[in-house]
> 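I am attaching a structure below and will ask some questions about it afterwards.
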2 protein chains.
Amino acid sequence: MQDPFVCTPVSHHQCISNALDQAETLCRSRNVRLTPIRHRVLELIWQQHRPVGAYDLLEQLQQQGRVAPPTVYRALDFLQQQGLIHRLESLNAFVGCAHPQYPHQGQFLICKSCRSLVEITDPEISTVINNRAEAVGFKPLNQTVEVSGFCDGCWQKEQING
Amino acid sequence: MQDPFVCTPVSHHQCISNALDQAETLCRSRNVRLTPIRHRVLELIWQQHRPVGAYDLLEQLQQQGRVAPPTVYRALDFLQQQGLIHRLESLNAFVGCAHPQYPHQGQFLICKSCRSLVEITDPEISTVINNRAEAVGFKPLNQTVEVSGFCDGCWQKEQING
DNA sequence: TTGTGTAATGTTATAATATAACATTAAAAT
DNA sequence: ATTTTAATGTTATATTATAACATTACACAA
Ligand SMILES: [Zn+2]
Ligand SMILES: [Zn+2]
Ligand SMILES: [Zn+2]
Ligand SMILES: [Zn+2]
């Protein structure tokens with residue numbers, strides 16, 4: 001469940017191709033089609049390696065010909081269904097999932113300053129939430145957990161600069 | 001922190017006026033203005049007692065004269081700042097907060113079937129999330145926790161009907 | 001109370017996000 | 001090859017939200 005390597009500016013091309021390779025393998029094994037458009041959208045998302053809006057993606061796709069919103073949204077729907085990306089409700093944006101092999105509830109840490117994002121998949125968080133929900137007679141199916149704050153680097157700067 | 005009474009269809013007028021009274025008291029004590037529009041919007045939200053979209057509110061306001069979107073959004077901004085309502089990111093909707101006196105991180109249980117909503121304010125959930133975030137060097141400031149699933153009643157029906 | 005500054009609201013226009021509906025093309029299955 | 005289904009193209013529009021500037025209401029001091 002842990003990322004096999006840390007993505008640095010230098011290794012980011014690796015990070016992208018890893019994600020794409022994983023996606024291809026996964027789709028083949030599930031017998032679903034990672035078509036060129038879907039592949040391209042996933043690639044664009046991983047190139048950013050941070051939350052991207054649908055219309056940002058659209059704009060980039062349009063550099064290689066005419067594309068309309070439904071095309072992007074359909075690709076995003078597919079990628080979400082396959083667990084290859086997550087949608088961030090508080091940002092109206094999408095981000096690649098680093099471990100799509102395992103179905104999971106992601107928890108997202110979103111830096112207010114640099115907009116970077118970290119996904120953690122902590123079973124304890126999921127469990128506590130599910131337990132509390134069930135304690136009030138609710139049947140939980142899906143969780144949205146998004147935390148806004150500062151990443152390590154930005155928090156240091158905040159404290160120095162005020 | 002616990003709701004003093006359960007809202008039933010019969011007692012709902014009480015539930016609304018309680019919320020409004022509380023809001024008035026709170027705003028007076030904070031020396032901020034619960035203007036007619038703000039009061040009205042809060043009232044409309046509590047009348048539903050479930051998540052309401054901004055344009056739903058707008059439509060209702062327009063039954064008493066011309067109103068434009070910014071008016072609604074400003075009122076919603078104010079009510080949010082005062083903690084009188086919460087925004088549900090996964091629904092693009094707003095709901096009244098039952099205990100605005102205390103600042104808190106709400107957790108929301110949203111029924112997929114009847115669209116009812118329960119707010120719980122479980123400190124353990126907040127704490128676990130904050131701890132895990134800090135464990136990866138993140139400084140958490142604000143949490144969004146929204147759980148989609150079935151309320152008690154709807155879950156019973158689901159299981160019977162399939 | 002009369003000005004003076006600030007907060008709130010009005011008004012118009014538009015941005016940003018997302019989907020409906022139907023036509024066309026590509027792929028898979030028979 | 002034919003049929004069926006999945007995917008994409010295309011046009012239009014729905015839904016959610018904000019920018020920018022004008023006007024009005026209110027608070028508070030002179
Ligand atoms: Zn994930
Ligand atoms: Zn940061
Ligand atoms: Zn609350
Ligand atoms: Zn229900």
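Residue numbering restarts at 1 for every chain, and letters A, B, ... go by the order of the sequence lines. Here the structure is a predicted model, which means the values were calculated and not measured.
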> In whole Å, what is the span from the CD atom of Gln81(A) to the C1' atom of dA6(D)?
13 Å
> So if I take every side-chain heavy atom of Pro70(A) and compare against dT16(D), dT19(C), dT12(C), which nucleotide ends up nearest?
dT19(C)
> Should we count CD of Glu59(A) as having more than 12 external heavy atoms under 6.0 Å?
no
> Measure CG/Leu76(A) against C1'/dT8(D) and give the value in whole Å, please.
15 Å
> Answer yes or no: does a side-chain N or O of Thr71(A) lie under 4.0 Å from OP1 or OP2 of dG9(D)?
yes
> Return yes if some donor-acceptor pair links the side-chain N/O of Gln143(A) with the main-chain N/O of Gln105(A) below 3.5 Å, else return no.
no
> Please report, rounded to the nearest Å, how far the C1' atom of dT17(C) is from the CG atom of Leu57(A).
13 Å
> Can you check the Leu91(A) CG to dT16(D) P distance for me, whole Å?
18 Å
> With the side chain counted from C-beta on, respond yes when Phe138(A) and Ser116(B) share a heavy-atom pair under 4.5 Å apart, and no when they do not.
no
> Give the rounded distance in Å between these two atoms: CG of Leu58(A) and P of dT11(D).
14 Å
> Side-chain N or O of Arg66(B) less than 4.0 angstrom from OP1 or OP2 on dT12(C)?
yes
> Once you round it to whole Å, what is the distance between C1' of dT9(C) and CD of Gln64(B)?
16 Å
> Would a 4.5 Å heavy-atom cut-off, applied to side chains only, mark Val95(B) and Glu119(B) as touching?
no
> State whether the aromatic ring of Tyr55(B) stacks on the base of dT15(D), taking stacking to mean ring centres under 5.5 Å apart and ring planes under 30° to each other.
no
> Expressed as a whole number of angstroms, how long is the span from Gln62(A):CD to dT10(D):P?
12 Å
> Would you say Arg38(B)'s side chain and Arg33(B)'s backbone share a donor-acceptor pair under 3.5 angstrom?
yes
> Does anything in residues 26-44 of chain B come within less than 4.0 Å of DNA chain C? Heavy atoms only, and list the residues if so.
Arg33(B), Thr35(B), Ile37(B), Arg38(B)
> Looking only at atom types and distance, does a side-chain atom of His13(A) sit under 3.5 Å from a main-chain N or O of Val10(A), one as donor and one as acceptor?
yes
> In terms of the nearest nucleotide of DNA chain D, which residue is placed more toward the 5' end: Ala93(B) or Ala75(A)?
Ala75(A)
> Under a 3.5 Å distance rule, please check whether His12(B) uses its side chain to pair with a backbone N or O of Trp46(B) as donor and acceptor.
yes
> Looking at the side chain of Tyr73(B), which of dT18(D), dT19(C), dT10(D) is the nearest nucleotide?
dT18(D)
> Which is more 5' along DNA chain C, the nucleotide nearest Asn92(B) or the one nearest Arg74(B)? Just name the residue.
Arg74(B)
> Take atom CD of Gln82(B) and atom C1' of dA7(C), then tell me their distance rounded to the nearest Å.
14 Å
